[in-house]
Amino acid sequence: MMISTDPQDQPVVPDLSGDPYGYFAHMRRTAPVWRGTLMESDLMPAELKSSENWTLFDFESVFNAFRADEVFASEMYNQTIGLIFGPTILGMHGKQHHDHRSLVAKAFRQSALAQWEPEVIDPICDQLVDEFVNDGHADLVKAVTFEFPTRVTAALLGLPQEDLEMFRRLSFDLISIMDDIEAGFNASVQLGAYFQDQVDQRRSKMTDDVIGDLVAAEIDGEKLTDEAIISFLRLLLPAGLETTYRSSGNLLYLLLTHPDQLDAVRRDRDLIPAAIEEGIRYETPLVLVARNTTRDVEMHGMTIPEGAAITLCMGSANRDEKRWADPDKFDIHRPRRAHISFAGGIHSCLGMHLARVETKAMLNSLFDRVTDLRLMPSEDSQIVGMPFRSPGSLPVTFRPLQDS
Ligand code: HEM
């Protein structure tokens, strides 16, 4: 990888879709706060793009920016993903964000999660693995990592079983919007109409599911509008489904390529939480998020001006050598320190506990049913992509366990 020796004046960023971590380490060392961008959004109209672009690479800067939400705001999401999803929680701030988050958080409360785990999530993962357990081989991306968060999301929302196929197709088109904007936009419109219908049904007859909870949620007489519910439901596809599908693919790839650690987790399931966190630290499914500055701000002796477009590079922050010893090593046994993949501050991930529970269930279902899991050689099974990263396929062989 060719890297300029003058990092503050580096016009060309190397291709980061392969292994970006050497470049990130170079930037942390030489320009942790850098005037430049890794994020080219085709979605934002050219006239709204800022001429000032800055990227933060080290853990401390990214962490502080997440917490300083008055200065590092997120309103620019209204001009990017907001154009497709409608106004979402991600682009809100202050009281509006607080009130909206309090309402939607009711649907994702701990007590609901405790009920979903045994009643919805575990059975879905068990059934999924049962569908291919006797084949002796599978592509885990197709058979498991895309499928379990899709089925879990559909079930938690309370969508009818017969709509699953359509929901799967539209979800895929929506999260692939950067590859095919037209198909993504059409999927967004169709999902909007479909979710509206689901909301209407619950207004006449309430159901016990996430859409029902969103319809019923009320604080101090305030309720969510239909538009807010539908935008939120659309957002759940990239925010909840895509991230979980990619992070579980990354974890499976990392375990399969570190067989001693795979074996350790399989034998001692208490290691699953540590494996999940290390997988998300080492290969975060979402590498970059955006912010915009609302005033001039000093960082690492640099002045970032008001109105700048900011990239927070979580993928780099998670490998910061000031926070983790040997950060480029995947090690589920390392002393636990919180990573930054679930962001921080007011926009910290609302679904992090759900993502953890789903991933744990997926691993348990797999380990309960198969043994001798081995990754077959394949060009497509590397972890790639920017800003989302995961393997394209995970072809494996295995033996079914006798008592499954
Ligand atoms: C490994 C899986 C996941 C990762 C790495 C992840 C990561 C993130 C990140 C980085 C943000 C902040 C984005 C920003 O501020 O620009 C975020 C916010 C959010 N996430 Fe997740 N997420 C995951 C799973 C989920 C799941 C399963 C759900 C729900 C079903 C979810 C729902 C949300 C929502 C609603 C927000 C917006 C919160 C707000 O703006 O207040 N996420 N997530």
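Order of appearance sets the numbers: ligands from 1, and atoms from 1 within every ligand. Quantities reported herein were computed from a predicted structural model and do not represent experimental measurements.
If you check which protein heavy atom lies closest to atom 13 (C) of ligand 1, you get L90 CD2, 3.7 Å. For atom 38 (C) of ligand 1, the closest non-hydrogen atom of the protein is R101 NH1, 3.3 Å. Atom 1 (C) of ligand 1 has S247 OG, 3.3 Å as its closest protein atom, hydrogens excluded (heavy atom only).
At a threshold of 4.0 Å, the pair R369-D126 counts as salt-bridged, since one of the basic side-chain nitrogens sits closer than that to a carboxylate oxygen. A salt bridge between E147 and R151 is present, with a side-chain N of the basic residue lying under 4.0 Å from a carboxylate O of the acidic one. Salt-bridge annotation for R336 and E278: absent, with no side-chain N of the basic residue lying under 4.0 Å from a carboxylate O of the acidic one. Contact check on R246 versus E283 returns no salt bridge, with no Lys/Arg side-chain nitrogen under 4.0 Å from an Asp/Glu carboxylate oxygen. The pair D209-R202 meets the salt-bridge criterion, since a charged nitrogen lies less than 4.0 angstrom from a carboxylate oxygen. Using a cut-off of 4.0 Å between Lys/Arg side-chain N and Asp/Glu carboxylate O, D320 and R323 are scored as not salt-bridged. Between D213 and K106 there is no salt bridge, since no side-chain N of the basic residue sits under 4.0 Å from a carboxylate O of the acidic one. Using a 4.0 Å cut-off between charged nitrogen and carboxylate oxygen, E117 and K360 count as a salt-bridge pair.
Geometrically, R291 does not engage F72 in a cation-pi contact, judged by NZ or CZ lying under 6.0 Å from the ring centre and within 45° of the ring axis. By the 6.0 Å and 45° rule, R319 does not stack over the aromatic ring of F24.
Of all protein atoms, those that are N, O or S and lie under 2.8 Å from atom 21 (Fe) of ligand 1 total 1.
Atoms of ligand 1 found under 4.0 Å from any heavy atom of I89 (numbered from 1 in listed order, with element): 37 (C), 39 (C), 40 (O), 41 (O). Residue-ligand proximity, S341 to ligand 1, at heavy-atom distances under 4.0 Å covers atoms 5 (C), 7 (C), 10 (C). Residue-ligand proximity, L236 to ligand 1, at heavy-atom distances under 4.0 Å covers atoms 29 (C), 30 (C). Near P285, meaning under 4.0 Å from one of its heavy atoms, ligand 1 places the atoms 5 (C). Counting the atoms of ligand 1 from 1 in the order shown, those under 4.0 Å from a heavy atom of Y77 are 14 (C), 16 (O). Short contacts between ligand 1 and L354, defined as distances under 4.0 Å to a heavy atom of the residue, involve ligand atoms 30 (C). Per-residue contacts place T244 under 4.0 angstrom from the following atoms of ligand 1 (heavy atoms of the residue considered): 27 (C). If you number the atoms of ligand 1 from 1 as listed, the ones under 4.0 Å from a heavy atom of F232 come out as 35 (C).
No side-chain donor-acceptor contact under 3.5 Å links H258 and D331.
The shortest N/O to N/O separation between T284 and ligand 1 does not fall below 3.5 Å. The N/O atoms of H347, backbone and side chain alike, include one that comes under 3.5 Å of an N/O atom in ligand 1. Inclusion of H97 in the set of residues having an N or O under 3.5 Å from an N or O of ligand 1 is warranted.
Ligand 1 lies less than 4.0 angstrom from a heavy atom belonging to R291. Distances shorter than 4.0 angstrom do not occur between any heavy atom of S74 and any atom of ligand 1. For the pair I346 and ligand 1, a heavy-atom separation below 4.0 Å is found.
With S316 contributing its side chain and C313 its backbone, the two residues share no donor-acceptor pair below 3.5 Å.
Identified under the side-chain hydrogen bond (donor to acceptor under 3.5 Å, both in side chains) test for residues 182-193, with sequence neighbours left out: S188-R234.
Between atom OG of residue S171 and atom CZ of residue F146 there is a gap of 6.0 Å, rounded to the nearest 0.5 Å.
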